[in-house]
Amino acid sequence: MTPSHNILNCRFDAVNEAGAAQWARETLRSGKRGHISTVNVAILMMMRSDPRLKQYIDDSGLIVADGQPLIWLSKLLRKPLPERVAGVELVHELVNVASQENAGIYLMGATQDIVEDVAKKLSEQTSNAQFVGVQDGYFSHEESKARAQAIRESGAKLLIVAMGVPRQEQFLQDHWEELNVQLAIGVGGSFDVIAGRTKRAPQWMQTVGLEWFFRMSQEPRRLAKRYFITNSQFIWLSGWALLGHFLGLGKTGTPSDARQPLT
Ligand code: UDP
C-alpha cells in the first residue's frame, strides 16, 4: 500500500510521478476502479468550504500534491512527500500507461478545437494511444447525463476531464457509477497548456513555488483575489500546523475559526 500523510486535513499519498503512473497501471490491470486527485494550495483551501469537493477528494484512490509549497510544508511537518506531481505531466504519463495497457482514452474539457489539438499532440507523443472520445467541456446540467452515457458507450477505460475545479469533480461524482471507466482524473486547465493556448510558468518559478504568481499575472482580474485569499489562508493554516508540530501537539489541523469560506 502507498504510504500517505495527513496535511492540513487532507490525505496525500507519498508518491512521485513514476509511482502515480505505477498506481494507474496496477488499477487498470486489477480491473478495479478509482480516481486520482491532484491537489494544489488553492484546491486544498477550497476543500475547507466545499464538503462535496472534500468528499470526492477523500474518496480518491490516489491523491498527489501539485505544488512546491505543499512539498515544503510536508517536509517541515516531517511527513515528507517525495515530489510535486503536476496534472499536466500526469496527462502524459496516464496516456502512456493506458496505451501500453491497450485501454481506450476519453478526453473531455475546454473548447472543441482545444481538446482536438490535445488529442493530436498526445497522439504524436504516444503513437498507439486510442482516443475513443474527444469532447469539449461546455454543456448544461441537463446535458450532463447524456455526456456520461456517451463516455460509457465509448468503452473508455481512462477518462481525463479538464473543466476546472470543482466543475470536473462534480461531473465525476454525479456520474461515477454510470461512467463505467476504470480510471478518471480531473486536470483543471491542463488542456489549454498542452494545446499551447496558455503558457506554463518557467521551471525556476515552479521550483520556488511561484507558479500561482505566473498564472495570476496572465489573468490578474480573474485570479488576483482568489490567490490572495487562498495563499493567505494557506500561510495562516501552515503556521498553526507548524506551531503544533514544534510544540509536540501532533496537530495537522488548525483552530476551527481559521476556516474562512471562500468568496
Ligand atoms: N472549462 C470547461 N467547461 C466549463 C468551464 C471551463 O471545459 O464549463 C475549461 C476551460 O476551457 C479551461 C479549463 O476548464 O480549459 C479551466 O477553466 P478555468 O481556468 O475557468 O478553471 P479554474 O482555473 O477557474 O478552475
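One is the number of the first residue; the rest follow in order along the sequence. Whatever order the structure lists ligands and atoms in, that order sets their numbers, starting from 1.
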Review point. When you measure from the side chain of Ser217 to the backbone N and O of Phe214, does any donor-acceptor pair fall under 3.5 Å?
Key: yes
Check your understanding: Taking 4.0 angstrom as the limit, do Glu101 and Lys157 come out as a salt bridge?
Key -> no
Review point. Near ligand 1, which protein residues have a heavy atom under 4.0 Å away?
Key: Gly109, Ala110, Gly137, Tyr138, Ala162, Met163, Gly164, Val165, Arg167, Gly188, Gly189, Asp192, Arg215, Arg222, Arg226
Practice item. Tell me, please, which residues at least two apart from Tyr106 pass ring pair (Phe, Tyr, Trp, His ring centres under 6.0 Å). Key: none
**Study point:** Proximity of Phe171 and Phe139 rings by center, below 6.0 Å
**Key:** yes
Point to revise | N/O donor-acceptor pair under 3.5 Å between Gln168 side chain and Gly164 backbone | key: yes
Practice item. Look at the side chain of Arg33 and the backbone N and O of Trp176, then say whether any donor-acceptor pair between them is shorter than 3.5 Å. Key: yes
